[in-house]
Amino acid sequence: MVPALVKLESVSKSYSRDSLIIPVLDNIILKVPKGEFLALMGPSGSGKTTLLNLIAGIDRPSAGDVIVGDIKINDLSESALAQWRSRYIGFVFQFYNLMPVLTAFENVELPLLLTKLSKKERHQHVESALSVVGLEDRMKHYPRQLSGGQEQRVAIARALVTDPTLILADEPTGDLDKISAEEVMVLLSRLNSEFEKTIIMVTHDPRAAEKAHTRKYLDKGELV
Amino acid sequence: MWVVKLILRNITRHKLRTMLTILGLAAAVVAFGVIRTLIDSYYAGADVLPPDRLVTRNAVSIIFYVPLAYKEKIEKVPGVESVSYGNWFGGLYKNDPKNFFPNYTVGPGFIDLYREYIFEPEQREQFLKEKNSAIAGQRLANRFGWKVGDPIRLTGQIYPGEWDFVLRAIYKGREPGVDENSLMFRWDYFDDRLRQTTPEMAKNGVGWYVVKIADPQQAPVISTEIDALFKNSAAETLTETEKSFTLGFLAQMDAIIVGMRIISYLIIGVILLVLVNTMAMSARERISEYALLKTLGFGPSHLIGLILGESMAVAVFGGLLGILLMFPVIGAASQFLQNFFSGFEVNALTILLAMTFVLIVGITASLFPIYKAVRLPIIQGLRNVG
């Protein structure tokens, strides 16, 4: 049996708005094995992104534990969490979130600046990551000079470049046309199958979800 | 290194906005520099006065005479080396108020007390030989195109009539700030003419005495001794260092100077608001980028470096441009103001103050954006996608 890389143990999350407590996730129990490609689906407001944020350590649960690998990440301090994210997590966002003043190469290099790699090693890593996503000829292009699909591929290269344990993708095809979305999903599938990356993807798109090994549905903060 | 690269890229992201901000900062620095230079120049004349010269005047007011007979008594006070005197004349050149400049009559030995005036020796001798000769400062001579030997006519405003002189010497200041805008002529010429034309105005009195003392440390003691000599007389005296005497005159403009100082600091406030606005706009636009950096594992120190660096870079560019522009602007202004101020030029303290204020403004303008960026919850920042 493949060990679980991500474990959510009775995780609940609620937000306070003025004097109101708004529950978003309720008693979530989830195990994601290493090497899994999981699609989290559900209607808007069901708590998919919140769940992804908790796994990413950019939000904290109101109750329960989030364990990634052997680390209970909800016990980590902010600075420890930041270090942990830089080492173990790769992010892919719906709107790519590239730095507009940096080239594709520099955007991909960004997470490596927090490592102890030499400049030469960083360059090798970046070139490898960009060649995996098929953009080695666009290294010097700025985001505004790329199509949406290319921007998302740069973002995937950035997520990949540190060789993270876990890639978290939040609606990675949500802002793309059909063809670009297909390319991105093929790429994510390759990362999972060829590079053995564990991927958790939030999506509305059934076609995108088809590429995942497992699909789970959230509704009103509960896994169904 | 990447932080520097990112700062420079961020600065050029909105070129027009950055350029306008830098120009705004530069303009404010120039205005600050001009006002500071104006204030410094106003006091420059007093700053260069030596501490070993005292001025004795009528205790009631400078407009009242001090008897000429006091000279011998003052000379006998221990510590006094030499004494001369002067009297305000107040004549107008070509009888035009626009041609105003300080002019006064001076007693024997007066110019020898002013070591900060540099004369050609032969010109000095000529002044001492000719009774109707006059001396003018270099700036004043330049203003009216006078050369040694030129006749000069002043129309008396206090002492009636047309007064004719021959310019026999032109002096230069030994250092910037020394007054070069005055005209002096001989007491004997003045006194003789008064006795001939308006004897009722010849009062055997002078406007003030200039007293050279051996030891500047003794100035308070000697001043007290001089004034004690004439206590309970019809013309009691007030003696003080020439610097205090001059500052007393300048103090008449204190309210205006204070106003100018306040304006110079308000300008710093304006710089601050300009930069705060720019930095706040930039930070607001980059919320999602700050959130991304935090998501990727960059800590508060990186965000502080980015925002502070950008703010400082804009401030420093603006400050340096302002300082560079300050020189030609003040140079041009000095062409118009040299008749009123000696040493109207930028000094090191003004540059230092301007740069210090610019750096403070750079730091201050970054504080709020830094606070916002560091406190920003990642999920909130990531939602903010433009």
Side-chain angles (χ1 to χ4, degrees), chain A residues 13 15 24 49-54 56-60 76-103 105-115 119 122 142-144 151 155 158-159 161-162 164 168 170-171 174-175, chain B residues 1-18 278-279 281-307 309-311 313-314 369-386:
Chain A
K13 177 70 185 177
Y15 291 107
V24 181
T49 297
T50 302
L51 187 58
L52 202 70
N53 291 341
L54 293 176
I58 56 178
D59 202 357
R60 288 177 187 274
L76 297 179
S77 67
E78 283 301 321
S79 60
L81 259 180
Q83 277 186 0
W84 173 82
R85 280 196 302 269
S86 69
R87 174 66 193 88
Y88 295 105
I89 307 291
F91 295 90
V92 180
F93 303 98
Q94 180 178 358
F95 297 107
Y96 334 128
N97 287 70
L98 299 178
M99 300 284 279
V101 291
L102 299 180
T103 62
F105 184 97
E106 290 163 339
N107 266 291
V108 176
E109 191 187 19
L110 209 49
L112 295 179
L113 297 170
L114 294 170
T115 67
K119 191 176 178 183
R122 288 204 308 268
Y142 286 91
R144 64 177 181 277
E151 283 194 74
R158 183 181 62 195
V161 76
T162 53
L168 301 174
D170 188 2
E171 302 277 9
D175 198 44
Chain B
M1 194 58 200
W2 70 273
V3 172
V4 175
K5 184 161 72 179
L6 202 48
I7 287 169
L8 293 175
R9 301 260 180 96
N10 278 336
I11 287 174
T12 53
R13 194 183 285 203
H14 295 284
K15 290 186 181 66
L16 180 64
R17 186 165 77 197
T18 305
T278 301
M279 288 308 300
M281 278 199 285
S282 300
R284 212 166 29 242
E285 288 164 0
R286 291 176 203 158
I287 279 177
S288 65
E289 291 168 34
Y290 299 146
L292 170 76
L293 289 172
K294 288 172 115 175
T295 305
L296 296 179
F298 289 89
S301 60
H302 294 104
L303 297 182
I304 291 169
L306 276 176
I307 300 168
E310 185 175 345
S311 183
V314 172
I370 285 173
Y371 175 79
K372 292 277 282 183
V374 169
R375 300 261 305 179
L376 174 75
I378 294 175
I379 49 171
Q380 189 184 317
L382 288 175
R383 262 188 237 127
N384 197 304
V385 176

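Every chain is numbered from 1 and lettered A, B, ... according to where its sequence line falls, protein lines coming before strand lines.
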- Please state whether the side chain, the backbone, both or neither of A:Leu110 comes within less than 4.5 Å of a heavy atom of chain B. both

- Task: State the CD-CG distance between B:Gln380 and A:Asp59, to the nearest 0.5 angstrom.
- Result: 11.0 Å

- Inspect the surroundings of OH in A:Tyr15 and state if more than 12 heavy atoms from other residues, nucleotides or ligands are less than 6.0 Å away. yes

- Message: What's the separation between atom CH2 in B:Trp2 and atom CD in A:Glu109, rounded to the nearest 0.5 Å?
- Response: 10.5 Å

- Take A:Leu114 and B:His302 through the side chain to side chain contact (heavy atoms under 4.5 Å, CB included) test and state the conclusion after the steps. CA-CA 10 Å; A:Leu114 294 170; B:His302 294 104; 3.7 Å; yes

- Electrostatic pair A:Glu78:B:Lys294 at N-O distance under 4.0 angstrom: no

- Message: If I compare all heavy atoms of A:Ile58 with all of B:Ile379, which pair ends up nearest, and what's the gap?
- Response: O-CG2, 3.9 Å

- Scored by heavy-atom pairs under 4.5 Å with chain A, the best of B:Gly299, B:Pro377, B:Pro300, B:Gly297 is B:Gly297

- Whatever's closer than 4.5 Å to a heavy atom in chain B on A:Tyr142 counts as side chain

- Considering all heavy atoms of both residues, which atom of A:Met99 and which atom of B:Leu293 are nearest to each other, and what is their separation? CE-CD1, 4.3 Å

- Any B:Ser288 side-chain heavy atom under 4.5 Å of A:Asn97 side chain: yes

- Query: Counting only N and O atoms by type, is there a donor-acceptor contact under 3.5 Å from the side chain of A:Arg85 to the main-chain atoms of B:Thr295?
  - Reply: yes

- Task: Measure the shortest side-chain to side-chain distance between A:Phe91 and B:Leu292 over non-hydrogen atoms and say whether it is less than 4.5 angstrom.
- Result: no

- Message: How long is the straight-line distance from CG of A:Asn53 back to CG of B:Leu382, given to the nearest 0.5 Å?
- Response: 7.5 Å

- Tell me, with the steps shown, if B:Leu296 and A:Arg158 meet side chain to side chain contact (heavy atoms under 4.5 Å, CB included). CA-CA 10 Å; B:Leu296 296 179; A:Arg158 183 181 62 195; 4.2 Å; yes

- Tell me, for A:Leu102 versus chain B, whether the close heavy atoms (under 4.5 Å) come from the side chain, the backbone, both or neither. both

